[in-house]
Colleague: 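One structure follows; several queries about it will come next.
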Amino acid sequence: MIPGVSTAVILRQTLRAGRSSGVAALLGNETGIFLWAMAAVFGLSALVLASEVAYGAMKAVGAALLIVMGVQSLWKARRAPAALDPPVPYGGGEVRGGWRRSYGLGLATCGANPKAAVFAMSFLPQFVPPGAHVPLTLTMLAVIWVVVDVIWYAGVIWLIGRAGAVLGRPAVRRRLEQVSGTVLVALGVRVALEAR
């Protein structure tokens with residue numbers, strides 16, 4: 001539940017394009033989480049962790065993705081308030097790029113995050129009882145992980161949606177773009193500079 005890369009992307013999409021885009025980013029992120037968990041079940045994420053080149057490439061792609069999204073937000077915040085997208089109907093309206101783009105951002109962000117692989121490899125196996133069927137137990141734990149994530153982030157998206165009238169004001173949206181851009185750039189730099 002600690003805010004990180006996934007939280008920043010889901011919040012950014014919710015603030016920019018409404019609840020439906022936030023939910024799409026959430027579903028993309030959770031698809032990535034489940035894929036990483038399945039990779040751990042079948043031992044594939046161990047290959048990423050064992051290979052310096054694969055790990056470094058993932059780290060670089062993840063950092064670049066975050067920095068690009070952050071710079072886009074900062075650039076958008078610099079434009080005149082009238083140039084910002086029109087206020088979003090927080091009940092679930094669609095905007096340019098729509099659901100597919102938000103889903104793709106959520107999936108790409110999670111997929112390019114080596115921490116998700118590390119977490120899947122180190123966290124889930126601790127809860128497999130001795131003598132249990134390991135692949136089946138890890139799969140069930142992965143489903144529980146995704147369900148808990150969905151419940152948590154759905155609540156966050158709902159709260160942001162409830163504050164939609166305030167958050168939809170041009171001056172507030174500009175500030176939010178600045179904050180989310182700064183956070184995304186900082187997270188990207190942190191991912192790039194973190195030691196293995």
Side-chain angles (χ1 to χ4, degrees), residues 1-14 19-70 98-158 183-184 186-196:
M1 303 313 162
I2 297 170
V5 174
S6 297
T7 304
V9 171
I10 291 166
L11 288 178
R12 175 183 182 259
Q13 290 308 110
T14 304
R19 284 183 187 153
S20 63
S21 288
V23 169
L26 162 62
L27 293 176
N29 182 72
E30 296 314 311
T31 301
I33 292 288
F34 189 74
L35 291 174
W36 274 125
M38 290 299 93
V41 167
F42 296 107
L44 300 176
S45 54
L47 296 175
V48 171
L49 298 178
S51 168
E52 281 290 330
V53 174
Y55 187 87
M58 280 187 60
K59 209 166 92 159
V61 169
L65 180 65
L66 291 171
I67 291 169
V68 165
M69 287 192 313
W99 196 90
R100 210 175 321 173
R101 184 177 193 288
S102 292
Y103 179 87
L105 282 173
L107 180 60
T109 302
C110 184
N113 184 359
K115 283 186 166 185
V118 171
F119 193 77
M121 284 286 299
S122 61
F123 183 72
L124 294 181
Q126 297 178 61
F127 298 99
V128 177
H133 188 269
V134 175
L136 180 61
T137 305
L138 285 174
T139 301
M140 288 188 325
L141 290 172
V143 169
I144 291 168
W145 178 12
V146 167
V147 168
V148 169
D149 258 13
V150 167
I151 292 168
W152 170 255
Y153 285 125
V156 170
I157 291 167
W158 180 82
V183 167
L184 287 167
L187 286 170
V189 169
R190 190 179 96 189
V191 167
L193 297 178
E194 262 181 346
R196 191 177 165 106

Colleague: Could you grab the distance from atom CD1 of I10 to atom CZ of R12, nearest 0.5 Å is fine?
Modeller: 12.5 Å
Colleague: Working to the nearest 0.5 angstrom, can you tell me the gap between Y103 OH and L26 CG?
Modeller: 10.5 Å
Colleague: Do the non-hydrogen side-chain atoms of L138 and F127 ever get within less than 4.5 Å of each other?
Modeller: no
Colleague: State, yes or no, whether a side-chain contact exists between N29 and V9 at a heavy-atom distance under 4.5 Å.
Modeller: no
Colleague: If you measure from CD1 on I157 to CD on Q13, what distance do you get to the nearest 0.5 Å?
Modeller: 10.5 Å
Colleague: Please report the closest heavy-atom contact between S102 and A24, naming both atoms and the distance.
Modeller: CB-CB, 3.7 Å
Colleague: Could you give the distance from CD (E30) to OG (S6), rounded to the nearest 0.5 Å?
Modeller: 7.0 Å
Colleague: Name the one of V147, V143, V148, D149 that satisfies side-chain contact (heavy atoms from CB on, under 4.5 Å) with W145?
Modeller: D149
Colleague: Can you give me the closest heavy-atom contact between W158 and R19, atom names plus distance?
Modeller: O-NH2, 3.7 Å
Colleague: Within the structure provided, determine whether L27 and W99 are in side-chain contact (heavy-atom separation under 4.5 Å).
Modeller: yes
Colleague: What closest approach, in Å, do G111 and W36 show between heavy atoms, and which atom pair accounts for it?
Modeller: O-CZ2, 3.4 Å
Colleague: Please give me the minimum heavy-atom distance between G22 and T14, naming the atom from each residue.
Modeller: CA-OG1, 3.0 Å
Colleague: Supply the atom-to-atom distance L35 CG to L107 CG, rounded to the nearest 0.5 angstrom.
Modeller: 7.0 Å
